[in-house]
Amino acid sequence: MYCGTGRLRTITKKPIIENRFPPLPGRDIGFRYQVRSMDTQYHATLETLERLRAESISAGGPQQKEAQHQKGKLMARERLDLLLDDGSFEEFDVLKLGRGGSLRDEKSYLGDGVITGHGSIDGREVFVFSQDFTVIGGSLGEAHAQKICKVMDLAVKVGAPIIGLNDSGGARIQEGVDALAAYGEIFHRNVRASGVVPQISCIMGPCAGGAVYSPSITDFVFMVEDSSYMFVTGPSVVKTVTHQDITSEDLGGARVHAQKSGVAHFTVPNDVLCLREVRRLISYLPSSNQHRAPILDLSDSPERSDPVLDYLVPGNSHQTYDMHVLIHSILDGAEFMEVHAGFARNIICGLGRLGGQTVGLVANQPAVLAGVLDNDASFKAGRFVRFCDAFNIPLISLVDVPGFMPGPDQEHGGIIRHGAKLLYAFTEATVPRISVIIRKAYGGAYLVMNSKHIHCDVNYAWPTAEIAVMGPKGAAEVIHRKAIYEADDPESVLNEKMEEYRSTFANPFLAAQRGYIDDVIFPRHTRPHLIRTLQVLDSKRTKGPDRKHGNIPL
Ligand code: HXC
């Protein structure tokens with residue numbers, strides 16, 4: 001009977017016949033066992049292993065490697081070297097063999113055109129796959145997909161981000177329906193992993209056809225300028241069906257997706273910067289929905305105030321200012337990772353830190369379209385809010401919104417549906433939520449932007465805040481239409497009524513009196529207020545009604 005705290009083990013000194021690992025020189029392993037000598041067969045096995053590994057590692061061959069570099073693209077392994085901490089990569093399935101296609105004379109490759117495994121970024125584990133365009137165009141066959149699925153499964157099991165480096169001709173044509181089925185397996189896992197572990201896609205070459213749907217389900221898409229593109233149907237199909245001539249770049253290049261479609265969250269000039277930016281993004285994120293984002297102390301005092309902010313908002317409410325000034329002023333070290341920087345620029349979304357803690361910022365941008373909410377802005381911010389909520393990242397909104405964009409384009413384009421997405425996203429978010437009303441907070445857009453009325457936790461306003469059903473001009477024209485219309489000098493009556501409305505409603509005091517604003521703060525003290533409030537909200541708990549899931553108006 002053994003009752004101590006040490007290890008309990010009965011050691012039977014029977015010979016281990018098949019032991020392949022001789023004891024290290026000079027190391028006393030505590031008991032005798034019989035070591036098989038380094039016989040010829042064992043040597044041969046080692047040589048085979050070395051040969052197979054070398055074959056897998058250089059599968060595409062030197063010419064393909066040269067061609068890849070000529071296109072300004074790095075090789076799949078070079079990319080992983082840059083992405084991961086030095087020496088941290090552990091590769092899986094280096095010996096997995098492609099299954100070959102259904103056509104004759106098809107070569108199977110070891111590794112099957114994708115490198116998979118795990119490694120660390122700043123010491124935190126991530127799972128990765130990196131498609132190798134030099135092997136059958138990085139096309140996705142059955143074995144290739146099985147390798148990707150394996151790391152996705154493990155990432156979810158252990159709770160670590162998945163990073164995919166995509167450079168592929170799409171479904172491997174020779175494998176027919178099996179290649180399509182393989183994509184389905186990946187899509188399935190993308191959806192299962194959504195909201196469980198962060199998923200990041202880097203598009204570093206072609207990504208066409210149904211293959212685009214895996215990255216588009218993931219949380220963040222990076223695209224490398226001039227060497228990557230994404231489209232469901234390529235230029236030749238476009239030509240056949242619509243008779244339009246268009247290049248791959250104009251159809252689905254990085255700039256198009258970063259500025260027009262919103263598919264790409266980040267664009268980067270080259271592979272090296274892409275991988276560096278992925279590392280930066282990871283530094284803001286938790287490893288999974290069961291973790292908190294890492295705390296990073298940038299030695300920026302939580303008490304720091306900024307007198308410049310007292311003068312940020314112009315006296316004339318028609319004048320604009322750049323909301324980035326406020327964002328950079330309040331965040332730790334002025335560091336801000338903006339998401340979708342080129343898309344729907346009338347709203348700003350991104351990650352930063354306050355008191356070392358990652359926060360998600362959603363801010364109207366008065367300098368672009370006066371900060372109005374339109375379809376793209378609602379979609380952009382709605383998705384960002386949901387990401388933050390899924391991954392325990394507190395949300396802060398900085399509000400200066402004159403309303404929803406009027407007009408048939410927006411109405412017919414679905415501003416009702418899209419605006420509802422943002423409303424839904426903020427309302428359902430259970431992470432700590434703080435709002436600061438900087439200037440305009442008009443009508444429904446005010447409600448949508450994380451107002452008290454949709455249960456934001458703490459709402460501040462600057463003295464410049466104007467919280468009202470609509471702007472003074474619109475309001476005066478509606479309420480006093482008859483008086484203005486019948487006056488000898490309609491303009492002076494309009495101005496008089498506007499001023500009356502402005503002094504009564506366009507300030508934070510009525511809302512504060514009603515308790516809809518928790519405090520009217522001096523602009524210079526915004527940062528200390530936010531940090532203190534984040535601390536107090538840290539232990540926030542909420543429990544909604546039981547349900548399978550809500551039905552966000554997608
Ligand atoms: C098999 C492929 C391939 C594919 C490329 N290759 N794509 N092999 N299946 N899908 C092979 C090429 O035959 C070539 O082999 C090598 O990869 C490099 O390709 P190149 O054409 O020489 O390179 P490049 O000129 O740079 O052109 C890249 C390309 C082009 C634009 C991606 O290869 C291409 O158009 N491929 C087909 C793209 C496509 O239509 N894929 C299916 C999309 S539909 P060799 O032996 O000559 O070096 C799809 C459905 C997914 O993916 C559905 C999910 C539900």
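When a ligand or atom number is given, it counts from 1 through the structure's own listing order.
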Exercise. Which residue from A208, G113, S214 reaches closest to atom 43 (C) of ligand 1 through any of its heavy atoms?
Worked result: A208

Exercise. Nearest protein heavy atom to atom 54 (C) of ligand 1: under 4.0 Å?
Worked result: yes

For this session: Using a strict cut-off of less than 4.0 Å between a Lys/Arg side-chain nitrogen and an Asp/Glu carboxylate oxygen, indicate whether D112 and R99 qualify as a salt bridge.
Result: no

Exercise. Should the ring pair F387 and F220 be called parallel, tilted or perpendicular, given that the plane angle runs from 0 to 90° and is split at 30 and 60?
Worked result: perpendicular

Exercise. Does the protein put a heavy atom less than 4.0 Å from atom 34 (C) of ligand 1?
Worked result: no

Exercise. Looking at atom 21 (O) of ligand 1, would you say a protein heavy atom lies below 4.0 Å from it?
Worked result: no

Exercise. Going by atom types only, do H291 and S287 share a side-chain donor-acceptor pair under 3.5 Å?
Worked result: no

Problem set entry | Which residue and heavy atom of the protein sit nearest atom 1 (C) of ligand 1, plus the separation | Q174 OE1, 3.1 Å

For this session: Look at atom 26 (O) of ligand 1 and say which protein heavy atom is nearest, naming residue and atom and giving the distance to 0.1 Å.
Result: K71 NZ, 3.2 Å

Exercise. Got a protein heavy atom sitting under 4.0 Å from atom 17 (O) of ligand 1?
Worked result: yes

Exercise. Atom 48 (O) of ligand 1: which protein heavy atom is closest, and how many Å away?
Worked result: Q64 NE2, 3.4 Å

Problem set entry | Under-4.0 Å protein heavy-atom contact, atom 46 (O) of ligand 1 | no

Exercise. When rounded to the nearest 0.5 angstrom, what is the spacing between CG in D271 and CG in L165?
Worked result: 9.0 Å

For this session: Please work out whether any backbone atom (N, CA, C, O) or any side-chain heavy atom from C-beta onward of Y213 is under 4.0 Å from ligand 1, and answer side chain, backbone, both or neither.
Result: neither

Exercise. In terms of the angle between their ring planes, are H328 and F336 parallel, tilted or perpendicular, with boundaries placed at 30° and 60°?
Worked result: perpendicular

Exercise. Under 4.0 Å from atom 14 (C) of ligand 1, is there any protein heavy atom?
Worked result: no

Problem set entry | Closest approach of any protein heavy atom to atom 39 (C) of ligand 1, naming residue and atom | G169 O, 3.4 Å

For this session: Determine, for F343 and K260, whether the Lys NZ or Arg CZ falls below 6.0 Å from the six-membered ring centre while staying within 45 degrees of the axis.
Result: no

Problem set entry | Heavy-atom nearest option to atom 5 (C) of ligand 1, drawn from P206, S236, G210, G137 | G137

Problem set entry | Shortest reach to atom 29 (C) of ligand 1 by a heavy atom, considering only F231, Y183, Y229 | Y229

Exercise. Does a side-chain N-to-carboxylate-O contact under 4.0 Å join E50 and R53?
Worked result: no

Problem set entry | Top protein contact for atom 8 (N) of ligand 1, by heavy-atom distance | I136 CG2, 3.6 Å

Problem set entry | L180 contact mode with ligand 1 (heavy-atom cut-off under 4.0 Å) | side chain

Exercise. Can you list the ligand 1 atoms lying under 4.0 Å from a non-hydrogen atom of R172?
Worked result: 1 (C), 9 (N)

Problem set entry | Face-on cation placement of R433 at F426 ring, 6.0 Å and 45° thresholds | no

For this session: Examine ligand 1 and decide if any of its atoms is less than 4.0 Å from a heavy atom belonging to F187.
Result: yes

For this session: From atom 10 (N) of ligand 1, work out which of G141, A67, A211, A171 has a heavy atom at the shortest distance.
Result: A171

Seminar exercise, completed: The protein heavy atom nearest to atom 28 (C) of ligand 1 is F133 CZ, 3.6 Å

Exercise. Are R345 and E338 within salt-bridge range, i.e. N to O under 4.0 Å?
Worked result: no

Problem set entry | Close side-chain approach of H340 and C349, heavy atoms under 4.5 Å | no

For this session: Looking only at protein heavy atoms, identify the closest one to atom 44 (S) of ligand 1 and say how far it is in Å.
Result: G209 CA, 3.9 Å

Exercise. Would you call D167 and K73 a salt bridge, taking side-chain N to carboxylate O under 4.0 Å as the test?
Worked result: yes

Problem set entry | Carboxylate-amine/guanidinium contact E249 R255, below 4.0 Å | yes

Exercise. Is E47 paired with R51 through a side-chain N to carboxylate O contact shorter than 4.0 Å?
Worked result: no

Exercise. For atom 9 (N) of ligand 1, which protein heavy atom lies nearest, and how many Å away is it?
Worked result: I173 N, 3.1 Å

